[in-house]
Amino acid sequence: MTNKMWGGRFSSEPAAIMAEINTSIDVDSRLFRQDIAVSRAHAAMLAKQGIISAADGKAIARGLDLVLKEMASGEFAFKREHEDIHGNVETRLRELIGPAAGRLHTARSRNDQVATDFRLWVRESIDEIDALLGAYQRALAEKALAHAATVMPGFTHLQPAQPVTFGHHLLAYVEMAARDRGRFAGARERLNECPLGAAALAGTSFPLDRAMTAKRLGFARPSANSLDAVADRDFVLEVLSAAAITAVHLSRFAEEIVIWTSPMVGFLDLSDAFATGSSIMPQKRNPDAAELVRAKTGRIVGALQALLMVMKGLPLAYQKDMQEDKESTIDALGTLSLCLGAMTGMVDDIRPNTARMREAATLGFSTATDLADWLVRALDMPFRDAHHVTGRIVAAAERLGVALDALPLEEMQAIEPRIGAEALRVLSVENSVKTRTSFGGTAPKNVRAQARRWLKKLRSKA
Ligand code: ARG
């Protein structure tokens, strides 16, 4: 016999290059814990159902525990000739317990095995990422509470638009991370069905108890269609798309850290713990971690693209193409965890230069909307007219080269005689943010309440 797993009808060895393209052990050895847990559950169920003897069931369980120990020790020599994790586990099991090992594969296939293994692996990854997202949110909410009243420019088109608070800006990312967690949670719920027992594609004639294996492996239920169970990888696609969106969120914040730590902007400083130097320019402090988070987003989004392309032309049921689902997924989810750790570290680390932020918030006539709103409120002007009058006042300030709150009252009155001295009060950036009390607005009072709400919620969940 050539290959022990499937070589019965073969009379000669595969070409070396055939074996090389076919093997997946270099990647799926990462799934040994899941693979052994799945086999343990399957063997226990086979014995309980009388499909294998109790003695064989026991021998298999004991043997699998030994294999697990060997693999967990890091010293196990995975062999490419056994193709994948399933072949490696089974071969070693046979060495340890003899022919009883051959009964383990009754009423199952590597197709339902790998679909089950990978669901377990992805499920664990989701839980890890969820915890990291929670820690990231906590760091953001804490910083937001500390800077609920720190005024900075809010931007549209990267032009100063209206003053906001730094805390409000940080809480925007808390909201995004909450939706990211929701997407992961949704994917987790849908993936939590157990394919084991679908066998190769059609189910099996043995009297399985699929509910038992599903329960033992922590699944909500067995999957209801054997073809679907082995043929789809939408659970991976969903998780990768959640990961891609999360990475894009992180990347946008990373981009802001890069821009804001530039001395040309000077909003934020990173301590030595999160800055790197240059080998030639002694003055440099570079935000490498933020740049790398921004860049690694490409790998994560790429993994989603790659698997979508793998899947798009596959007829049902299992196709070997699907073996390509693991490498980039494992890389992408590991990369996302790394990025989340780095972002949390940077959020803790960043020190805002509050004076510089405030000064920048006054640039670009950022309180012009406040003046227009005053005209609406105090003079009962329609907003469109108020917008026009304020535009003319901004033009006057620009012509004289002064900020709006430094424009002499007479200059304003030349444009709109009913403007009184009390209008000048609405022009400070502090007043501007203080009055933005609408639900979801940037007023320090709102930001404090939202930050506290988040911290309470995050603490009770953690
Ligand atoms: N290594 C394979 C994979 O990851 C396991 C399933 C192999 N099944 C098969 N029919 N050749 O997809």
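In listed order, ligands and their atoms are each counted from 1.
- Ring geometry for F155 against F267 counts as parallel: the plane angle stays under 30°, on a 0 to 90° scale with 60° as the upper cut.
- Between the side chains of R252 and H249, no donor-acceptor pair is found at a separation under 3.5 Å.
- Judged as a side chain to side chain donor-acceptor pair (under 3.5 Å), and not counting sequence neighbours, the contacts of K320 are N22.
- With F235 as the aromatic partner, R190 does not meet the cation-pi criteria of under 6.0 angstrom to the ring centre and within 45 degrees of the ring axis.
- Inter-residue side-chain proximity for C194 and R221 is flagged as unmet; no heavy-atom pair is nearer than 4.5 Å.
- Ordered by chain and residue number, the residues placing a heavy atom less than 4.0 Å from ligand 1 are S24, D28, D84, H86, R110, N111, V114, Y318, K320, Q323, K326.
- Counting heavy-atom neighbours within 6.0 Å of I21 CD1, excluding the residue itself, gives a total of 12 or less.
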